[in-house]
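Everything on this sheet refers to the single structure shown next.
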There are 2 protein chains.
Amino acid sequence: MSPADRIRDHAGQGATTVAAHRARRRLRADRARQLADLLRHQLLAGGFPDGALPHETTLATDYSASRNTVRQALDLLRAEGLVERLPGVGTVVVAQKYPHGLDRLMGLAETLREHGHVTNEVRTVGPAPAPSPVADRLHVPPGTDVLYIERLRRLNGLPLSLDLTYIPLDIGTALLSEDLENTDIFRLLETLTGRHLGHAEISLEAVNADAHSAAVLQAPRGAAVLMLERLTYLADGRPVDLEFIRFRGDRISMSGLLHRSL
Amino acid sequence: MSPADRIRDHAGQGATTVAAHRARRRLRADRARQLADLLRHQLLAGGFPDGALPHETTLATDYSASRNTVRQALDLLRAEGLVERLPGVGTVVVAQKYPHGLDRLMGLAETLREHGHVTNEVRTVGPAPAPSPVADRLHVPPGTDVLYIERLRRLNGLPLSLDLTYIPLDIGTALLSEDLENTDIFRLLETLTGRHLGHAEISLEAVNADAHSAAVLQAPRGAAVLMLERLTYLADGRPVDLEFIRFRGDRISMSGLLHRSL
């Protein structure tokens, strides 16, 4: 007998102890999360092409779950902003997460090309003295001016990410006269330098949005944000672009392949 | 003159308009976020080896920022649970994020080997009928029993992740008599099948923890969670391990290299 069966069995004996009650509640919460994860995957993979989830009864049958568990699972997806309940219609998909590739170094407009049009609201752009951690990573002397750019990036008008970018000034100055509103910086860097980008060191974290970032991204305060830090090098090994990117967690999913041996 | 300078200039004219006040406030919030990102990087890269951040005045000088901006930046890091202010001591690092490699497919104990000891609290383990999305991905008929495992994973005793795992039963049954508390499933799969793992399809998202997951992970309700969905294949191409992993956002950072050309 599995521990799950044991708990279910125990809880099913009509025991009135607090422990049994807790076990039952825990089991239902566990099962709701389990179901929510499966539905989330289907939803993000486009598994509900007409935009509506099956009826609760159907879901309960398909997933051998109780109606209560199904309702709790749908509540979890609603709290994530992925679905909504429409009276008389049922549960509908309201948010789409866009796939951002983790396999190749690409700009946002490149990676989302088939999903729509990326525009960039340039909130700040100009030279600023590089603090030492920025200077170290961009291989310029501390205090040297670098180009600092802050952009709010939108896909089809919806806020997607807030990007803070540092670029060495010898390369950056030329960016000032380019169309930053409609072009990935990656593409501009390759065009302006006449060289290809090589690789980038990235790190990904989940953080709660601070009040100000949340306001800019038009997300609730504390919303989960996928934070990408990325240092990009030209093919010749020179670091040229240090970025701190906050993606709205409800709009982006990063995907890729990992291999067991290198 | 850069837009930032323009705003600063505008705000500096002692203008009493609401617009100027708003611009000043926005600028300070922007600069605080900018500084917080730089300090976060240093902190996570072990840049403060004695565990204490420099004094606010030093930070203000080093980053050409006002004391107010420095204070706001430290507030942001405190809200993320990364630093704390100790009276008479200053600001100290209280949380460490552990690096999880994005370059190679590894189990948690493998990837964190140099950081300490991983233990797994097995909350549930046993056969359960595979719902169709699980069955599809594991290439078994829908409704077939698969092994379901739920584990709370700790590093040196601290909760790190909550993992939901599905494994085909012909391989999974043998896992039941193994030491799941102290061994990565990846390692057990390779030992039990006598074959190597090949690759995994992964996707990463940032989500707010639901109340129940937060309680299990001992994190605040709504805490940002790095959610990893991973389908792992044996080297011969058979899918053997579907996992839904919730990492505490304040304890894990995923890092790797991306290349421009494949």
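The sequence lines fix the lettering, A, B, ..., with proteins before strands; numbering per chain opens at 1.
Counting heavy atoms from C-beta outward, A/D30 and B/H212 have side chains that approach closer than 4.5 Å. Residues B/L105 and A/H259 fail the side-chain proximity criterion, which asks for heavy atoms closer than 4.5 Å. Counting heavy atoms from C-beta on, the side chains of B/F244 and A/R33 never come closer than 4.5 Å. Counting heavy atoms from C-beta on, the side chains of B/D250 and A/V207 never come closer than 4.5 Å.
Your options are B/H196, B/E201, B/R137, and the one with the most heavy-atom pairs under 4.5 Å with chain A is B/R137. Ranked by non-hydrogen atom pairs under 4.5 Å with chain A, the options B/L176, B/L164, B/V216 are led by B/L164. Taking chain A as the reference chain and counting heavy-atom pairs below 4.5 Å, the highest number among B/L39, B/V134, B/I202 is found for B/I202. The choice from B/P131, B/G256, B/P99, B/S255 that makes the most heavy-atom pairs within less than 4.5 Å of chain A is B/G256. Among the candidates B/R248, B/M106, B/E80, B/R40, the residue making the largest number of heavy-atom pairs closer than 4.5 Å to chain A is B/R40. Of the residues considered (B/A211, B/G249, B/G198, B/A200), B/A200 shows the highest number of contacts with chain A, using heavy-atom pairs under 4.5 Å. Contact count against chain B (heavy-atom pairs under 4.5 Å) is highest for A/S213 among A/G143, A/S132, A/S213, A/A45.
Using a 4.5 Å cut-off between heavy atoms, B/L35 does not touch chain A at all. For A/L102, the parts lying near chain B are the backbone and the side chain together; criterion is any non-hydrogen pair under 4.5 Å. At a 4.5 Å heavy-atom cutoff, the contact between A/Y148 and chain B is made by side-chain atoms alone. Only the side chain of A/R246 comes within less than 4.5 Å of a heavy atom in chain B; its backbone stays farther off. A/H100 does not touch chain B: none of its heavy atoms, backbone or side chain, sits under 4.5 Å away. Residue A/L257 touches chain B through both its backbone and its side chain, counting heavy-atom pairs closer than 4.5 Å. For chain A, no part of B/F247 is nearby; none of its heavy atoms comes within less than 4.5 Å.
The side chain to side chain contact (heavy atoms under 4.5 Å, CB included) check on A/S253 picks up A/K97, B/S203, B/E205, with sequence neighbours excluded. When the side chain to side chain contact (heavy atoms under 4.5 Å, CB included) test is applied to A/D145, the partners found at least two apart in sequence or on another chain are A/P127, A/P129, A/L169.
Interface with chain A: from residues 220-238 of chain B, residues B/G222, B/A223, B/A224, B/V225, B/L226, B/M227, B/E229 qualify, criterion being any non-hydrogen pair under 4.5 Å.
Of the possible donor and acceptor atoms, none in the side chain of B/R260 sits under 3.5 Å from a partner among the backbone N and O of A/L197.
Distance check: B/N208 CG to A/N208 CG gives 6.0 Å after rounding to the nearest 0.5 Å.
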Which donor-acceptor pairs under 3.5 Å do the side chains of residues 58-65 of chain B make with protein atoms, sequence neighbours left out?
residue	atom	partner	partner atom	Å
B/T61	OG1	B/T57	O	2.9
B/Y63	OH	B/Q42	OE1	2.8

